[in-house]
Amino acid sequence: VQLQASGGGLVQTGGSLRLSCAASGSIRSINTMGWYRQAPGKQRESVATITSGGSTNYADSVKGRFTVSRDNAKNTVQLQMNTLESWDTAVYYCKAERVVMRNMALYREVWGQGTLVTVSS
């Protein structure tokens with residue numbers, strides 16, 4: 001199983017970006033999908049997660065600005081980021097947790113490659 005993230009780029013303060021991440025492979029189900037970010041010199045942190053049932057969890061710093069969504073049938077997760085601020089600048093990673101393959105193999109977590117989001121003032 002692989003995760004492919006896309007949608008990063010350069011945006012001005014107050015602008016918007018939409019990140020997408022697609023999981024590929026013979027996937028039966030994915031429990032939780034989400035987005036994490038790592039700013040220069042800082043630890044990776046959780047941004048937003050969503051379960052297969054649609055339950056979401058957001059970091060306090062992004063509540064009201066970011067929206068996470070997913071398409072279970074397509075094994076994709078999106079992150080709509082609005083009102084971006086300079087401190088949102090980071091490499092954003094998608095992650096899938098408890099990925100069950102059609103051959104019943106289980107992956108506890110799978111990370112995608114990062115996509116850089118740069119917010120300029």
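Heavy atoms only: backbone and side chains are in, while hydrogens, waters and symmetry mates are out.
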Does the side chain of Val99 reach to within under 4.5 Å of the side chain of Glu97, using non-hydrogen atoms?
no
Tightest non-hydrogen contact, residues Ser16 and Asn82, listed as OG-OD1, 2.9 Å
Between atom OG1 of Thr51 and atom CD1 of Ile30, what is the distance when rounded to the nearest 0.5 Å?
12.5 Å
Show every disulfide bond (SG atoms under 2.5 Å apart) that has at least one partner inside residues 24-70, sequence neighbours left out.
none
Heavy-atom nearest pair, Ser46 first then Thr49, reads OG-CG2, 4.0 Å
Determine which pairs satisfy ring pair (Phe, Tyr, Trp, His ring centres under 6.0 Å) with at least one residue from residues 11-30, sequence neighbours left out, and list them in order.
none
Selection residues 5-25 - residue pairs positive for salt bridge (charged side-chain N to carboxylate O under 4.0 Å, His left out), sequence neighbours left out:
none
Sorted by chain and residue number, the side-chain contact (heavy atoms from CB on, under 4.5 Å) partners of Arg44 (sequence neighbours excluded) come out as Tyr36, Gln38, Tyr93, Trp111
All pairs passing disulfide bond (SG atoms under 2.5 Å apart) where residues 16-88 contributes a residue, at least two apart
Cys21-Cys94
Please answer whether the main-chain N or O of Tyr92 pairs with a side-chain N or O of Thr115 as donor and acceptor at a distance below 3.5 Å.
no
Using 0.5 Å steps for rounding, measure from the CG atom of Leu17 to the CE atom of Met81.
4.5 Å
If I take atom CG from residue Asn75 and atom CZ from residue Arg28, how far apart are they, to the nearest 0.5 angstrom?
12.5 Å
Of all residues at least two apart in sequence or in a different chain, which pass the side-chain hydrogen bond (donor to acceptor under 3.5 Å, both in side chains) check with Ser20?
none
Would Thr76 and Asp71 satisfy side-chain hydrogen bond (donor to acceptor under 3.5 Å, both in side chains), going step by step from the backbone distance to the final call?
CA-CA 5 Å; Thr76 59; Asp71 184 326; 4.9 Å; no
Quick one: side-chain contact (heavy atoms from CB on, under 4.5 Å) partners of Arg98, sequence neighbours excluded?
Asn31, Leu106, Arg108
Between Val91 and Val62, is there a shared hydrophobic cluster once you connect ILVMFWY residues whose side-chain heavy atoms come closer than 4.5 Å?
no
Compare all side-chain heavy atoms of Tyr107 with those of Met101 and state whether any distance is below 4.5 angstrom.
yes
Measure the spacing between OG1 of Thr67 and CD of Gln78 and express it to the nearest 0.5 Å.
11.5 Å
For the CE atom of Met33 and the CD1 atom of Ile50, what is their distance to the nearest 0.5 Å?
9.5 Å
Ser29: which residues meet the side-chain contact (heavy atoms from CB on, under 4.5 Å) condition with it, sequence neighbours left out?
Val100
What pairs of donor and acceptor atoms, side-chain ones from residues 52-60 against any protein atom, are under 3.5 angstrom apart with sequence neighbours left out?
from  : atom 1 : to    : atom 2 : distance (Å)
Tyr58 : OH     : Val68 : N      : 2.9
Asp60 : OD1    : Lys63 : NZ     : 3.1

Let me have the donor-acceptor pairs involving side chains of residues 1-14, under 3.5 Å, with sequence neighbours excluded, atom names and distances please.
from  : atom 1 : to     : atom 2 : distance (Å)
Thr13 : OG1    : Ser120 : O      : 3.0

Residues that Glu109 engages under salt bridge (charged side-chain N to carboxylate O under 4.0 Å, His left out), provided they are two or more places apart:
Lys95
Can you find a heavy atom in the side chain of Leu19 that is under 4.5 Å from one in the side chain of Val117?
yes
Leu79, Val110: one ILVMFWY side-chain cluster at the under-4.5 Å cut-off?
yes
Sequence neighbours left out, what passes side-chain contact (heavy atoms from CB on, under 4.5 Å) with Glu45? Give chain and number order.
Arg37
Looking only at non-hydrogen atoms, find the nearest pair between Thr83 and Arg65 and report the distance.
O-NH1, 2.9 Å
